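What follows is a set of notes on a single structure, which appears directly below.
Values in this document were obtained by computation on a predicted structure and should not be read as measured data. Excluded from the calculations below are hydrogen atoms, water molecules and symmetry mates; all remaining heavy atoms, backbone and side chain alike, are included. We name chains A, B, ... by the order of the sequence lines, and we start the count at 1 in each one.
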Amino acid sequence: MVKIKQIELHGFRGVLNDLTLDLNNRSALIYGDNASGKSSITDAVEWFLLDSVEHLPSAQETGSKQGQALRNVFLKETDSSSVKILFNTPILDSEKILSIIKNNVEAKQNNKTGEFKEYVASCERESLILRHKNLLDFISNSKKGKQDALFEILGYSGITKYYVILRKSLNATKKQAKNRGLDDLISTQKEKLITQLHTVIATEEQFLDTIRKLLTDIIFDESINSLDDISKLLPKLQKPANNDLVVEKILLTSLKDAMDSLIKRIPNINECYNTFRTAFAAFASEYEEVKQLLLGNLLENGLKVIDGEYKENTCPLCENDIDREQLIARLRDRIESLGTIRQKKKRYDDAKSDLSVSTTELLRLLTSELFKKDMNVELSQKVIAVATLYSATIKQMNTASAVELSADPLAAAVPELEVDSSKCIGLVAELNLRIELIDSLLASDKTSQIYIQIKLAFDAFTEMFKLQKERSQFERMVKTLKLITDEYKQMQKTIIQSFLDNFSDEIDGYYQFMNPDGKVGKIRLSTIENEDEELDGLRIDYDFLTLTSVSPPQSLLSESNLNCLGLAFFLTSVKSLNSKNAFIILDDVVSSFDTAHRIRFADLLIEQFGDYQLLVLTHEQIWYNHFSAIVKKKNWVVKTVKWTIEKGSFLTPSPEGLKQRIENKIVEHNEDNLGKDIREYVEMTGKSLAQGMEVRLPFRYNDTNEERMSYEILTGITSVINKQKLTPTGEFDAIERLIRSMSVGNKDSHDHLQKLTFDDTLALWKDVQDFEKLFYCISCKKAIAMKYYDQVGKIIRCECGSLFYNWKK
Amino acid sequence: MKTEIKSAQDSLDEFFLRIPSIDGVDPKIVAKISQLYSDKKLTDSNLTNALHELQMEEINGKNKTN
């Protein structure tokens with residue numbers, strides 16, 4: 001099973017320089033304030049393995065498209081950002097680099113081996129990361145949202161995503177087929193065929209047969225076996241003598257057919273336009289609501305930001321203090337309250353879409369070549385004039401449908417418009433008269449009459465054939481998409497039901513472990529379907545004290561209980577799905593927990609996930625203090641993430657690491673930040689010692705408490721030493737020397753670093769070592785602490801007891 | 001006896017491998033959908049475009065033979 005040895009980030013997300021997390025296959029507890037960038041580690045692992053970060057924009061696209069969001073904002077364009085992960089299986093070690101090449105962010109994974117590709121593909125199949133956001137969605141959403149959130153927790157979100165794509169595509173294809181009006185278009189061509197051939201034509205064979213019969217009237221010796229044969233035949237039937245009349249008759253007949261089609265469609269376009277005007281007017285009269293809808297976009301985008309990277313407990317707009325979780329809940333409520341207005345907007349959008357489709361179809365007809373053929377006769381000019389008039393009106397309608405609601409509907413007038421069909425009707429009558437006249441002139445020319453008949457019938461048949469193919473293709477698309485979507489629906493239900501059937505006991509087990517009070521009886525889970533038999537939510541039933549089958553969960557369960565349930569789902573999926581990886585990341589998952597649940601959750605991880613490599617990140621200091629005390633004994637790596645504008649996010653070094661760095665610098669005669677490192681070391685050691693010795697310092701709130709300087713801490717320690725009257729007194733002068741040191745003891749020196757000579761720095765380090773010798777045992781390396789206090793001998797000592805002092809409580 | 005639970009990825013891979021065998025589906029349409037999925041490009045717009053292209057090929061392609 002795969003575990004992580006080391007994670008190294010450079011210029012990635014919050015990390016500007018370098019952040020190296022040495023794990024050596026061990027679990028880790030990482031603490032960091034909100035916005036300190038601890039989640040950069042989670043993002044790095046997610047991007048490295050899955051090529052995208054779910055909570056970032058364009059998560060559905062590949063990782064390189066998220067590149068700009070992944071690179072640290074202060075990174076130079078010429079610098080690459082990178083994530084390097086070393087595993088317990090060295091063949092999987094790799095570095096993934098994000099570089100800007102010709103203004104594009106490109107991602108490159110260094111390990112190209114088949115084993116690595118196979119491994120990365122297997123990661124997509126496992127539950128590896130759980131974030132606070134996943135749990136929050138699960139807690140606060142409705143039944144449908146809960147289902148989506150659960151899918152997210154279980155790593156099943158891709159399943160919902162593809163169902164939405166297939167269903168959308170099915171609906172869009174159905175709508176497209178309907179709007180195209182293929183049935184009407186085919187009927188029109190059929191009518192033309194009847195007019196020309198006086199019979200119903202359904203197949204190519206019937207059509208060819210009818211043409212052959214027509215040709216017998218003029219005893220034409222030509223074999224007609226295909227549509228191509230008809231194409232070849234037509235020029236042979238043309239007679240130069242009556243050619244102008246023939247051409248005119250064909251054109252006028254086509255125009256008359258087009259006009260007939262227009263007459264049929266005019267009521268529809270007028271109706272579409274009126275419906276749109278009414279919908280538009282409804283919005284114009286409720287402008288205040290429309291404004292709320294505009295605000296909706298702001299609220300939704302705001303929610304995305306606040307529910308994502310933003311971690312402050314202040315409103316980002318007004319900057320007033322507010323609990324972030326409360327703000328998220330309020331935003332959700334306000335967005336939900338916009339539902340009615342959204343329905344109105346949907347009606348408006350539908351009317352707009354229908355009008356747009358109708359106007360486009362009619363304009364396509366009116367701007368076709370047919371209406372551009374000027375035969376230089378009065379009648380064709382009239383037709384062109386009417387077509388131009390209609391086009392202008394329909395274009396106006398089209399323009400009106402393109403008016404954006406967001407641009408103050410009151411200001412945008414939607415004019416009253418109507419396509420007047422009477423002009424068309426009058427023109428059709430004139431066309432009929434002219435056609436009749438041409439017919440009478442060609443009465444004696446049987447061949448020309450048959451040529452016209454065949455030409456018009458041939459055009460109608462080929463058009464009908466083309467439209468029928470288009471229709472049958474639409475039918476195939478709709479049928480295929482429907483069959484696939486239905487099958488998908490079944491697959492989706494089977495997966496979730498199978499998970500619930502198989503793992504209800506485990507889920508319940510984890511839940512009960514975290515809730516030992518016994519108030520909640522066995523939790524039962526089942527799926528909910530809507531009238532279309534789509535998976536429409538998740539039902540959670542449970543017994544509560546004397547009540548049986550309580551649902552929904554939020555009716556009696558607290559936020560903490562729901563958080564437990566979400567965690568129980570994730571942990572179950574880890575044990576059931578993960579066969580390759582033995583590590584999981586839990587990023588801020590206790591934020592919605594009360595203290596009792598946090599403690600039980602820590603116990604659960606230790607007791608039941610001891611074989612796993614757990615990377616636990618948190619900003620909850622009290623829980624961190626509790627959990628770190630436990631996991632330090634279990635050999636976990638315990639780290640703190642901090643952020644500064646110069647370095648971005650970084651891991652604060654351990655005292656051991658810092659000491660090693662200082663000693664290396666001294667050996668190398670490297671003065672770079674040496675004094676600063678020593679001051680930091682004294683501060684770190686002093687704090688740890690003061691805590692162990694229970695040195696009482698004046699009360700301060702959390703943040704201020706963290707900022708205590710060496711001077712205050714060392715003075716506090718001295719005060720305790722003096723009070724205890726420890727001997728030999730002279731040895732404790734080392735503390736005084738340290739306090740007197742300008743570099744360390746003066747509070748100002750922390751902020752305004754004073755330049756020390758190398759010799760000064762060596763002397764300072766000697767003082768620090770003398771100070772350490774007083775309190776740190778050379779055998780067990782542990783400092784004296786009250787937790788080792790000997791009640792009988794009244795001594796404070798180190799862990800092994802080699803170093804001790806008389807101590808009165 | 002518990003059945004083995006499939007991951008989302010396994011379930012999806014299996015589903016898109018299986019769709020050509022669903023009774024009554026059009027093989028060309030299914031092939032397009034499967035291709036988009038295996039290329040990790042199955043999105044609303046890509047599917048709409050692919051179906052439109054297929055429709056144009058069908059209508060114009062067959063007409064040429066006539």
Side-chain angles (χ1 to χ4, degrees), chain A residues 51 60-62 121-127 151 154-162 164-166 168-169 172-173 176 204 226-228 462 465-467 469-470 472-477 479-484 486-488 491-492 494-495 498-499 501-503 505 572-573 576-579, chain B:
Chain A
D51 207 30
Q60 290 180 3
E61 307 294 346
T62 58
S122 75
C123 290
E124 290 183 0
R125 293 164 164 75
E126 305 205 346
S127 281
F151 270 57
L154 298 178
Y156 284 172
S157 56
I159 292 188
T160 315
K161 181 181 87 179
Y162 287 120
V164 171
I165 291 170
L166 289 171
K168 259 183 159 176
S169 187
T173 309
Q176 205 185 344
E204 187 174 328
S226 69
L227 293 175
D228 272 350
T462 50
F465 190 71
K466 199 174 168 182
L467 291 168
K469 277 205 289 186
E470 191 179 347
S472 70
Q473 181 62 15
F474 264 125
E475 285 167 354
R476 276 200 296 276
M477 289 198 305
K479 186 183 173 192
T480 300
L481 286 168
K482 171 98 176 58
L483 285 167
I484 294 175
D486 284 348
E487 190 77 10
Y488 199 98
M491 182 266 289
Q492 205 181 12
T494 308
I495 287 177
S498 161
F499 189 91
D501 290 346
N502 278 280
F503 295 106
D505 286 349
T572 303
S573 73
S576 60
L577 295 176
N578 297 9
S579 57
Chain B
M1 176 91 183
K2 283 176 178 170
T3 52
E4 195 190 331
I5 294 298
K6 291 187 192 106
S7 70
Q9 199 60 43
D10 283 333
S11 305
L12 287 168
D13 289 352
E14 201 177 88
F15 177 81
F16 284 101
L17 209 62
R18 184 162 52 87
I19 53 172
S21 61
I22 298 172
D23 268 354
V25 295
D26 181 277
K28 287 185 182 172
I29 298 171
V30 165
K32 281 268 182 194
I33 296 173
S34 295
Q35 189 62 49
L36 284 171
Y37 173 75
S38 59
D39 293 346
K40 295 189 173 181
K41 287 180 179 169
L42 184 53
T43 61
D44 293 348
S45 53
N46 287 346
L47 182 54
T48 305
N49 292 341
L51 291 175
H52 181 70
E53 268 175 34
L54 197 61
Q55 192 173 34
M56 289 300 107
E57 277 170 26
E58 286 291 305
I59 295 166
N60 299 327
K62 278 186 190 168
N63 264 356
K64 280 174 196 166
T65 62
N66 286 320

Shortest non-hydrogen separation from A:Glu470 to B:Gln55 and the atoms involved: O-NE2, 3.6 Å

Counting heavy-atom pairs closer than 4.5 Å to chain A, which one of [options] comes out on top?
options: B:Asp13, B:Leu54, B:Val25; value: B:Val25
options: B:Gln9, B:Glu14, B:Lys41; value: B:Gln9
options: B:Val30, B:Ile33, B:Leu47, B:Ile29; value: B:Ile29

Leading residue by heavy atom contact count with chain B [cutoff under 4.5 Å; candidates A:Met477, A:Lys482, A:Lys168]: A:Met477

For chain B, the option from A:Ile484, A:Thr494, A:Leu481 that forms the most heavy-atom pairs under 4.5 Å: A:Ile484

Part of A:Met491 within contact of chain B (heavy atom distance under 4.5 Å):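 Only the side chain of A:Met491 comes within 4.5 Å of chain B.
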
Interchain contact, A:Thr173 with chain B, by part (heavy-atom threshold 4.5 Å): side chain

Side chain, backbone, both or neither: which part of [X] has an atom under 4.5 Å from a heavy atom of chain A?
X: B:Leu51; result: both
X: B:Ile19; result: side chain
X: B:Asp23; result: backbone

Verdict with supporting geometry, A:Tyr162 and B:Tyr37, ring pair (Phe, Tyr, Trp, His ring centres under 6.0 Å): CA-CA 9 Å; A:Tyr162 287 120; B:Tyr37 173 75; 5.5 Å; yes

Side-chain heavy atoms of B:Arg18 within contact of A:Glu487, under 4.5 Å: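 Yes, close enough: below the 4.5 Å cut-off.
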
Nearest-0.5 Å distance, CG of residue B:Leu12 to CD1 of residue A:Ile495: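 Nearest 0.5 Å value for the CG-CD1 distance: 6.5 Å.
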
